[in-house]
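Right, one structure below, let's go through it.
All figures in this text were calculated on a predicted structure; none of them were measured in a lab. Note on naming: letters A, B, ... go to the chains in the order of the sequence lines (proteins, then strands), and numbering restarts at 1 for each one.
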Amino acid sequence: MLNKYFALIRMKWVEMFEYRAESVIWILGALTQPLVTLAVWLGVSDGGEIQGFSPNHFILYFACLIFVERMTTAWDVWDLDREIRQGTFSFPLLRPLHPIHWGIAENIVYKVFFLSILLPIWIVAAFFIEPLRLALSPLEWVAFLIAVLFGLAIRFLMGWCVGLLGFWVSRVVAIYSVVEGISLFFSGRIAPLSIMPPTIQKIGEILPFSYILYFPVEILMGGVTLERLVTGMIGQVVWIGILYGVFHFLWKAGLKAYSAAGG
Amino acid sequence: MSISVVSLSKQYKVHERQSGLKGAWKSLFDRKYRIVQAVNDITFQIEPGEIVGFLGPNGAGKTTTIKMLAGLLYPSGGEIQVGGYVPYKQEHDFKRMISLVMGQKSQLIWDIPPMETFLVNQAVYEIEESQFRKTLAELTELLNLEPLLGKPTRQLSLGERMKCELAASLLHRPKILFLDEPTIGLDVNMQENVRRFIQDYNRQYNTTVLLTSHYMADVTALCNRVMIINRGTLLYDGDLSLLSESLVPYKYIELQLEGSVDLPSFSQWGEVVETGGGKLKLKVPRNQVAEMSSKILQEWKVSDLTIQDPPMEEVIGLAFKEEKDAE
């Protein structure tokens, strides 16, 4: 298995360098929405605090958000949508390796690439922007790392679950954009969940979205309680379990429905 | 490795769309479905090392059958065994034993050189380094791949890509090879190359090959046995040489006559199809060919006489036409 991953990662790396310009644009493009949202909040707070969030808090929050968002982003649904609809999904399916491993390998490559760009930017930025200087304990760093990986797993599996619906319907990207729209509110992308109305917070705790972004961001901002750490991770593990189950079911049923389109 | 298919069927449920904006709007609320019987109760057996040609017009069910054999499609009914495995169970050992080449689709990764796909296949199919090097060297030699390996796939011509496609599919030395229109879109020269390669490969490794094609030349060059399918039903399964005998009730007698030709008097012998320059082609019922030829030779001064089976295209064309007429 290690050999297979090595080969897939190597290939994806070569492929990524074919698209190097796009890859960089991908990172920069993802900055716009959080930065605009940050500007709005800074404008609204007007130098004061909003429910305990100072301007510095907002800056740190959205910087963390950008970082976690990029590290957990998943685009498999677009690939699956295209490949299933056009029938090219047949090729990974013909090979003696589950197609999901291609997706995992691709994620590893792009995430390492994103990290290698975002980390230096953060370090340089921290010299100039005081709130970006992080002071986490080793335990918090480890917890953050695990939380990001779990968040990535949730988002990746969600993408695959929606993508596999392509076995039955022909434009799953549309379905996914609805999911993304909902996640805008509950993942913490528009505002920290803690300053959202209590109902939204309550729903957010149940839905998977906050476990993708908000929870890892909370840890990275520092000062999270042990209790929150434990409940958050339990939430993440539960969602990974649920989504894996759904994925497994959709996969089995989908293969029977697959029509391997095209001659 | 043998292939055994019993009463295989496949139905698709197709959403019928009406044309136009109004139709599209209507079909949002009132979806009509139609059941398409792509493959209907076909049964056959292929022995190890055989090359079998699978013929039929577009939409006959060839590709659907091949996809079921390769495990991509789930059959609606019947039984399939390929090399002792049930394809749709998607077992890895099964996948390591087969390969599917589709002339219209590419397994090569589009934006990077074919060599990258080969390396991925080496790992995924667990091919040992020494065997990989050996097979790759062989394929490179046979298919003349050397100049192509480093070019991005998207820059390859259709023929070049097909050669790399074949190589990528054969690296793991499959025992069973499914070729779905491997020569489609290729020029005559390249078609010939691909054919020769497939033939050599089959002889060398005793690979079982099932091939579909629109080009009769592919089939006549490669296969002793053909299966003809139309509308999902198997019309013929047997020797290529016996095909015309069983499907076409006539032969052609071609004559080179000395002196002038009196055409009308020939119609008593059979249907005159072609004339010119003292040449004449007669369409004669199969069972009367011997009798007719001897009579013609007695009554006319003939410098040359040949008896021919109708060309394959005609045989197949007729087979499909007759079936249509019978409806």
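The closest side-chain heavy-atom distance from A/Pro96 to B/His172 is not below 4.5 Å. Side-chain contact between B/Gln90 and A/Leu93: present, with at least one pair of heavy atoms (C-beta onward) separated by less than 4.5 Å.
Among all heavy-atom pairs drawn from A/Arg10 and B/Leu119, the shortest one is NH2-CD1, 3.4 Å. In this structure, A/Asn3 and B/Ala123 approach most closely via the heavy-atom pair O-CB, 3.9 Å. For B/His92 against A/Leu97, the heavy-atom pair with the smallest separation is NE2-N, 3.9 Å.
Chain A forms more heavy-atom pairs under 4.5 Å with one residue of B/Ile184, B/Asp111, B/Asn121 than with any other, namely B/Asp111. Between chain A and the options B/Lys10, B/Glu181, B/Glu126, heavy-atom pairs under 4.5 Å are most frequent for B/Glu126. Counting heavy-atom pairs under 4.5 Å between each of A/Glu18, A/Arg95, A/Met11, A/Lys4 and chain B puts A/Arg95 at the top.
Residue B/Asp93: no heavy atom, backbone or side chain, is found under 4.5 Å from chain A. Looking at B/Thr117, the atoms closer than 4.5 Å to chain A (heavy atoms on both sides) all sit in the side chain, from C-beta outward. Contacts of B/Tyr125 with chain A are made by both backbone and side-chain atoms, with heavy-atom separations under 4.5 Å. Residue B/Tyr12 touches chain A through its side chain alone, counting heavy-atom pairs closer than 4.5 Å. In this structure, the portion of A/Trp102 lying under 4.5 Å from any heavy atom of chain B is its side chain and not its backbone.
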